[in-house]
Amino acid sequence: MKIIMLGAPGAGKGTQAIMIAERYGIPHISTGDIFRANIKAETELGKKAKVYMDQGLLVPDELTTDLVVSRIQQSDCEKGFILDGFPRTIPQAECLTRAMAGLNDRIDYALNIDVKDESIVNRMSGRRACLNCGATYHVANMPPKQAGICDHCGGSLVIRDDDRPETVAKRLSVYHAQTQPLIGYYEEMGILMNIDGSKPLNEVFEAVTKLLEA
Ligand code: AP5
Ligand code: MG
């Protein structure tokens, strides 16, 4: 099962992707998590990516695409994978389609988690993230068992640098300009599935699994 997640920043891509990955036993590959891990480890890639991420801008395609194309060829991806936050531009999507075709393969589903912009800012302001394993929480909607500590790995929970309201607004406008066109791209390919992401997260997950298992 090869899946990509589409949706605005804060729509719940990461939250759903982690649950889907667990249910179907496939790896969850988040480009945002990969960049944040590189920033934490102060790698060259991390230093370059941080400049863009802190401004709410996309990291250039050339720093992103090769990384994903090589990741999906690792052995744990043979049964499938879920891509969260990639592709985010038409050139990234075209590159992924070409790379998959070169492997005699294709993406099975593009899940578009649809949430109105008004709800996004509220979700982001309450988000807490684990920089160790990538799990996300929300102080009201999805609190961890113990405040400030990740349920999955015991890591510390932080507010992401790019969750300040002015950066969130910039990320939303970048989303509409550069990423939203992917909805049409995957619709034309016949693999788009729209999910109402405004519902409580368990209801969203039920809707997702219903579609995947139909
Ligand atoms: P990335 O980490 O991918 O951020 P994003 O797309 O902005 O998405 P988020 O992670 O902010 O939101 P999400 O949809 O995962 O929501 P979540 O599940 O956490 O990318 C960060 C940056 O990296 C980019 O800005 C860019 O610079 C760079 N980058 C990454 N990939 C790139 C690429 N391919 N090309 C170029 N640059 C790239 O949920 C949000 C909150 O809401 C949480 O608190 C959660 O608990 C809560 N929540 C979730 N679902 C629900 C629900 N149903 N009801 C109520 N609350 C909910
Ligand atoms: Mg995310």
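Whatever order the structure lists them in is the order used to number ligands and atoms, beginning at 1.
Of all the listed residues (Glu203, Lys13, Gln92), Lys13 holds the heavy atom that lies closest to atom 13 (P) of ligand 1. Residue Thr31 holds the heavy atom nearest to atom 31 (N) of ligand 1 of all those in Thr31, Val139, Val59. Between atom 44 (O) of ligand 1 and the options Phe35, Tyr175, Tyr137, the minimum heavy-atom separation is to Tyr137. When the heavy atoms of Arg88, Arg171, Arg123 are ranked by distance to atom 1 (P) of ligand 1, first place goes to Arg88. Considering only non-hydrogen atoms, atom 22 (C) of ligand 1 lies nearest to Met53 out of Met53, Arg127, His138.
Counting heavy atoms under 4.0 Å from ligand 1, residue Thr15 touches it through both backbone and side chain. Of the heavy atoms in Thr64, only side-chain atoms (C-beta onward) come closer than 4.0 Å to ligand 1. With a heavy-atom cut-off of 4.0 Å, Arg36 touches ligand 1 through its side chain alone. Counting heavy atoms closer than 4.0 Å to ligand 1, residue Pro60 contributes nothing at all.
Among all protein heavy atoms, the one lying closest to atom 53 (N) of ligand 1 is Lys199 O, 2.8 Å. Counting protein heavy atoms only, atom 16 (O) of ligand 1 is closest to Gly12 N, 3.2 Å. Closest to atom 10 (O) of ligand 1, if we only count protein heavy atoms, is Arg160 NH1, 3.0 Å.
Side-chain contact check for Leu67 versus Ile34: some heavy-atom pair is nearer than 4.5 Å. At least one side-chain heavy atom of Pro60 sits less than 4.5 Å from a side-chain heavy atom of Tyr52. At least one side-chain heavy atom of Ile72 sits under 4.5 Å from a side-chain heavy atom of Leu96. Here the side chains of Arg36 and Arg160 are in contact, with some heavy-atom distance below 4.5 Å. Using a 4.5 Å cut-off on side-chain heavy atoms (C-beta onward), Leu83 and Met5 make no contact. With contacts defined as side-chain heavy-atom distances shorter than 4.5 Å, the pair Leu111/Leu6 does not qualify. Looking at heavy atoms from C-beta onward, Cys130 lies in side-chain contact with Cys153 at the 4.5 angstrom threshold. Looking at Leu45 and Leu63, their side chains come closer than 4.5 Å, going by heavy atoms from C-beta outward.
Near Gly14, the atoms of ligand 1 lying under 4.0 angstrom from a non-hydrogen atom of the residue are 13 (P), 15 (O), 18 (O). Ligand 1 places these atoms under 4.0 Å from at least one heavy atom of Gly85: 31 (N), 32 (C), 33 (C), 34 (N). Residue Met124 approaches ligand 1 through these ligand atoms, each under 4.0 Å from one of its heavy atoms: 11 (O). Per-residue contacts place Asn141 under 4.0 angstrom from the following atoms of ligand 1 (heavy atoms of the residue considered): 55 (C), 56 (N). Which parts of ligand 1 touch Thr136 is read off a 4.0 Å heavy-atom cut-off, strictly below it: atoms 18 (O), 19 (O). Below 4.0 Å from some heavy atom of Ala8 lie the following atoms of ligand 1, by number and element: 14 (O). Shown in contact with Pro9 at under 4.0 Å from a heavy atom are these atoms of ligand 1, numbered in order with element: 5 (P), 6 (O), 7 (O), 8 (O), 12 (O). Using a 4.0 Å cut-off to heavy atoms of Leu57, the atoms of ligand 1 that qualify are 26 (C), 27 (O).
No N or O atom of Met142 sits closer than 3.5 Å to an N or O atom of ligand 1. Ligand 1 has an N or O atom lying under 3.5 Å from an N or O atom of Ala11, backbone or side chain.
Using a 4.0 angstrom heavy-atom cutoff, Gly10 counts as in contact with ligand 1. The closest approach between any non-hydrogen atom of Pro200 and ligand 1 is below 4.0 Å.
In summary, of the residues considered (Asp66, Asp76, Thr31), a side-chain hydrogen bond (donor to acceptor under 3.5 Å, both in side chains) with Arg71 occurs for Asp76 alone.
A donor atom on one side chain and an acceptor atom on the other are found under 3.5 Å apart for Thr43 and Asn38.
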*asked:* For a salt bridge (Lys or Arg N to Asp or Glu O under 4.0 Å) check, start with the C-alpha distance between Arg164 and Asp54, then their side-chain angles and the critical distance, and finish with the verdict.
replied: CA-CA 10 Å; Arg164 283 173 290 133; Asp54 282 353; 5.6 Å; no
Pair Asp117-His176, side-chain hydrogen bond (donor to acceptor under 3.5 Å, both in side chains): steps then yes or no
CA-CA 10 Å; Asp117 285 9; His176 290 301; 2.9 Å; yes
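Between Arg23 and Glu213 there is a salt bridge, since at least one side-chain N of the basic residue sits less than 4.0 Å from a carboxylate O of the acidic one.
In this structure, the side chain of Ser119 does not engage the main chain of Val115 through any donor-acceptor pair within 3.5 Å.
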